[in-house]
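Structure first, then comments.
Just the heavy atoms: all of them, side chains too, but no hydrogens, waters or symmetry mates, feed the values below. Throughout, a chain's letter reflects where its sequence line sits, starting with A, and its residues are numbered from 1.
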There are 2 protein chains.
Amino acid sequence: MRQIKHPSLDQVELTDIMYALSDPTRLEIVGRLASAGRKMTCGEFDLNRPKSSMSHHFKILRAAGLVETLIEGTEHLNALRVKEIEQKFPGVLQSVLRVLSPAADTTV
Amino acid sequence: MRQIKHPSLDQVELTDIMYALSDPTRLEIVGRLASAGRKMTCGEFDLNRPKSSMSHHFKILRAAGLVETLIEGTEHLNALRVKEIEQKFPGVLQSVLRVLSPAADTTV
DNA sequence: TCTATTGTTCGATTATATTCGAACAATAGA
DNA sequence: TCTATTGTTCGAATATAATCGAACAATAGA
């Protein structure tokens, strides 16, 4: 596997976004990615869950268009697709991020 | 049954809101309630689904704190709890409503 | 009191999601 | 080439959700 495929944002429905964010683990991942403000590997999220479970959640976040994953060596670097999501669903992700960490500036 | 019980908004988690909005039928209900700008009975949503299914979806919307239901005679009048939700999760519901019907003013 | 109206609850079925161990794939570095 | 690292995929078990007919509850009005 050279590169992971991501959906184009016009293939993504609002319900997909909502669904992806309805799980506490995934919401936590999204919140941490936002507050970190940098790409993070799957392993950096220390959520006491086996790799396969984490991988599952990332898969759903990717399918919802929320996360894009860049492969670098053996690591997978994850980033939020804030700008694109914002363009398609203005305010939705940003407001969620602000609720998750009120102090942080979520503008990218 | 005299009155339906609703959760206090501080009992509601963000994941509950997201979950409630991750279903197309429920998102449709929420969108129509918003654009109608008035209380609507369950029967007014003509979504080609049996009463029991509709009732199920309203139950989840209520549990998420999104909808409050006022009983008047034999009818149940449903309204969005926009202000309260907005206070607890600023911007979240409003942005969703704006995505659902961009032209409408969703400020209550 | 009887009936129609409006929704809810119950119970069963079917469909989707979550979870996680084990096996696999790709790469880096020795 | 061998091994460690990082994550994905597979498969099976378990849990949660959606769906909807049928029975029930509350009320209004005849």
Side-chain angles (χ1 to χ4, degrees), chain A residues 1-7 12-30 32-33 36 38-64 66-80, chain B residues 1-7 12-13 15-30 32-33 36 38-64 66-79:
Chain A
M1 185 189 306
R2 267 245 81 74
Q3 190 82 3
I4 288 186
K5 293 249 282 184
H6 298 89
V12 170
E13 306 280 340
L14 182 56
T15 49
D16 298 327
I17 306 269
M18 295 295 130
Y19 165 64
L21 297 177
S22 71
D23 179 277
T25 302
R26 293 194 290 265
L27 203 52
E28 174 81 27
I29 291 171
V30 167
R32 292 223 205 159
L33 273 177
R38 60 175 175 82
K39 297 185 179 65
M40 291 176 73
T41 67
C42 308
E44 282 188 278
F45 303 85
D46 223 351
L47 302 179
N48 288 326
R49 275 176 188 72
K51 295 185 303 172
S52 54
S53 298
M54 291 301 284
S55 189
H56 164 74
H57 287 303
F58 275 101
K59 192 174 187 176
I60 287 166
L61 288 169
R62 270 181 230 119
L66 283 165
V67 165
E68 66 188 344
T69 303
L70 190 78
I71 300 184
E72 202 152 288
T74 62
E75 295 185 327
H76 291 203
L77 298 174
N78 300 284
L80 287 178
Chain B
M1 182 191 306
R2 259 262 60 87
Q3 190 81 3
I4 288 185
K5 293 248 280 183
H6 298 88
V12 171
E13 306 280 340
T15 49
D16 298 327
I17 306 268
M18 295 296 129
Y19 164 65
L21 297 177
S22 71
D23 179 276
T25 301
R26 293 195 289 266
L27 203 52
E28 174 80 28
I29 291 172
V30 167
R32 292 224 205 161
L33 272 177
R38 60 175 175 82
K39 297 183 178 69
M40 291 177 71
T41 67
C42 308
E44 282 188 276
F45 303 85
D46 223 351
L47 302 179
N48 288 325
R49 274 174 187 75
K51 294 184 303 172
S52 54
S53 299
M54 291 300 286
S55 188
H56 165 73
H57 288 302
F58 275 101
K59 193 174 187 176
I60 287 166
L61 288 170
R62 269 182 230 118
L66 284 165
V67 165
E68 65 188 345
T69 303
L70 190 79
I71 300 184
E72 202 152 288
T74 62
E75 295 185 328
H76 292 204
L77 298 174
N78 300 285

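In this structure, C:dC24 forms a base pair with D:dG7, meeting either the Watson-Crick or the G-U wobble geometry with both donor-acceptor distances under 3.5 Å. Nucleotide C:dA12 has D:dT19 as its partner under the Watson-Crick or G-U criteria, with both atom distances under 3.5 Å. The partner of D:dG29 is C:dC2, judged by Watson-Crick or G-U wobble contacts that both fall below 3.5 Å.
Each of D:dT9, D:dA26, C:dT8 was ranked by its minimum atom distance to the side chain of B:Arg62; first place goes to C:dT8. Of the candidate nucleotides D:dT8, C:dT8, D:dG21, D:dG21 has the atom nearest to the side chain of B:Pro50. Picking from C:dG7, C:dA28, D:dT9 the nucleotide with the shortest atom distance to the side chain of B:Cys42 gives C:dG7.
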Next on the checklist: For A:Thr69 and A:His6: C-alpha separation, side-chain torsions, deciding distance, then whether side-chain contact (heavy atoms from CB on, under 4.5 Å) applies.
Outcome noted: CA-CA 8 Å; A:Thr69 303; A:His6 298 89; 4.0 Å; yes
Practice task
Would you check, one step at a time, whether the test side-chain contact (heavy atoms from CB on, under 4.5 Å) holds for B:Tyr19 with B:Ile60?
Solution key: CA-CA 9 Å; B:Tyr19 164 65; B:Ile60 287 166; 3.8 Å; yes
Check against side-chain contact (heavy atoms from CB on, under 4.5 Å), A:Ile29 and A:Leu47
CA-CA 9 Å; A:Ile29 291 171; A:Leu47 302 179; 3.9 Å; yes
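For D:dT5, the OP1/OP2 oxygens have no side-chain nitrogen or oxygen of A:Thr74 closer than 4.0 Å. Proximity of B:His56 to the phosphate of D:dA18: a side-chain N or O atom is located under 4.0 Å from OP1 or OP2. Distances shorter than 4.0 Å separate some side-chain N or O of B:Tyr19 from OP1 or OP2 on D:dA18. Phosphate contact (OP1/OP2 of D:dA18, side-chain N/O of B:Ser53, threshold under 4.0 Å): absent.
The interatomic distance linking A:Arg26 (CZ) with C:dT19 (C1') rounds to 12 Å, in whole Å. If you take NE2 of B:His57 and P of C:dG7, they are 16 Å apart, rounded to a whole angstrom. Taking atom CG of residue B:Leu70 and atom P of nucleotide C:dT6, one finds them 17 Å apart after rounding to whole Å. D:dA23 atom C1' lies 10 Å from atom NZ of B:Lys51, rounded to whole Å. The CZ atom of A:Arg49 sits 12 Å away from the P atom of C:dG21 (whole-angstrom rounding). Atoms CD (B:Glu72) and C1' (D:dA26) sit 14 Å apart, rounded to a whole Å.
Side chains of A:Arg26 and A:His57: a donor-acceptor N/O pair is present below 3.5 angstrom, by distance only.
Looking only at side-chain heavy atoms (C-beta outward), A:Leu80 and A:Val67 come within less than 4.5 Å of each other.
The base of C:dG21 sits with one of its N or O atoms less than 3.5 Å from a complementary donor or acceptor on the side chain of A:Ser52.
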